[in-house]
Protein chains: 2
Amino acid sequence: MADDLFKALADPTRRTILDELAEQSGQTLFEICSRLSMKHRLGISRQGVSQHLAVLEAAGLVETRREGRYKFHDLNTAPLRQITERWPAPAPSGPEESPS
Amino acid sequence: MADDLFKALADPTRRTILDELAEQSGQTLFEICSRLSMKHRLGISRQGVSQHLAVLEAAGLVETRREGRYKFHDLNTAPLRQITERWPAPAPSGPEESPS
DNA sequence: AGGATAGGCAAGTGTCCGCTTGCCTATCAA
DNA sequence: TTGATAGGCAAGCGGACACTTGCCTATCCT
C-alpha cells in the first residue's frame, strides 16, 4: 500500500513530473513529454513517460480523466500526508498545555 | 540533495527501521538487528542493517552518536518536511480571506 | 474512407541496489 | 594479554527497475 507511494517518489523523473503537474494541472501525456524535454532537458521517450505516469497513478499521486482521445492528468497530494503522519515531528520540549 | 531522501525512503526495510527508531530512540546496531528479526521476522544480516543505516544517515533521517564501542542511532524527521513543502496541498476552495 | 493524432501493450536490455560472505579494527572485561 | 563484543570495509551475486523499440487500438478531421 504505502509501498507504491514511496516507490513512485523514488525516481527523480517522476518527481519532476509531479512538479510539472503542480505548476499546471490537467496536462496530457504529450504535453508532459514536451515539457520534460524543453524545460528540463530530459531525453526520454513517450513510453517512458507513460510508464512513469502509470506508477504515479498506482500510488494515487496522479489522477486521470479521459475526454475523447485525450487523457488529462491531475496531481493529488493527499497520499503525501501519510508520510508525515507515520513519522510525526517530536513533541516540543517547551512548556505545553497538558491535554489530559 | 533531495535525491538521498527519497532513495532512503524507497526501501521497506529502511522504513521499518525508522518505525523502530520512532518507537525507541538511541538504539544500537545490534538492538535494531534483533528487533527487525524478532518483531518483524526480517531475516537480514547485520551488515545489511548497517548499510541501511548508512543510507538513512546520508539522507539526514538518522543521526548517530558514539560512546565507547557503542553507536547510538536517533531519528530525525526534519528532512520529511521538504516533501510536503515541495508539493503543498491545494488552496481550499471555500470562502477565504483575500490576502492581497 | 483514410490519414493523422493520442495513447497502450509487450518484450528486451543495461544498470543500480539490496544482501551476503569474509575479513579487519576498536573497545571492554577477566 | 586474551577473548568477547560492537562495528566497519570491500568484493560478488541476483533481482528489480528505468528505458527503448516495435507494433497495435482508438478518436478526430477532411
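Naming convention: chains lettered A, B, ... in sequence-line order (proteins, then strands); numbering from 1 in each chain.
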Measure the shortest side-chain to side-chain distance between A/Leu75 and A/Leu56 over non-hydrogen atoms and say whether it is less than 4.5 angstrom.
-> no
Quick check: are there more than 12 heavy atoms from other residues, nucleotides or ligands sitting under 6.0 Å from CZ of A/Arg86?
-> yes
Value in whole Å for how far the C1' atom of C/dC17 lies from CZ of A/Phe6 = 18 Å
Which residue pairs satisfy the side chain to side chain donor-acceptor pair (under 3.5 Å) criterion with at least one member in residues 55-67 of chain A, sequence neighbours excluded?
-> A/Glu57-A/Thr64, A/Glu63-A/Asn76, A/Arg65-A/Asp74
What residues 12-28 of chain A contributes to the DNA chain D interface at heavy-atom separation below 4.0 Å is A/Thr13, A/Arg14
Same apolar cluster (I L V M F W Y, side chains within < 4.5 Å links), B/Leu9/B/Leu42 = yes
Mind checking whether A/Lys71 and A/Leu29 have side chains closer than 4.5 Å, heavy atoms only?
-> no
Validation row: B/His73, B/Leu21 side chains within 4.5 angstrom (heavy atoms) | yes
Would A/Trp87 and B/Trp87 show up in the same hydrophobic cluster when neighbours are defined by side-chain heavy atoms closer than 4.5 Å?
-> yes
Under 3.5 Å donor-acceptor pairs involving side-chain atoms of residues 43-53 of chain B, not counting sequence neighbours:
residue	atom	partner	partner atom	Å
B/Ser45	OG	B/Gly48	N	3.1
B/His52	ND1	B/Arg14	NH1	3.1

A/Glu31 (side chain) donor-acceptor with A/Thr28 (main chain) under 3.5 angstrom = yes
For DNA chain C, find the residues of residues 40-72 of chain B with a heavy-atom distance under 4.0 Å and give them by number; none if there aren't any.
-> B/Gly43, B/Ile44, B/Ser45, B/Gln47, B/Gly48, B/Gln51, B/His52, B/Gly68, B/Arg69
If you group Ile, Leu, Val, Met, Phe, Trp and Tyr whenever their side-chain heavy atoms sit less than 4.5 Å apart, what else falls in with A/Val55?
-> none
First and last nt of DNA chain D near chain A, cut-off under 4.0 Å to heavy atoms, 5' to 3', are D/dC17 to D/dC28
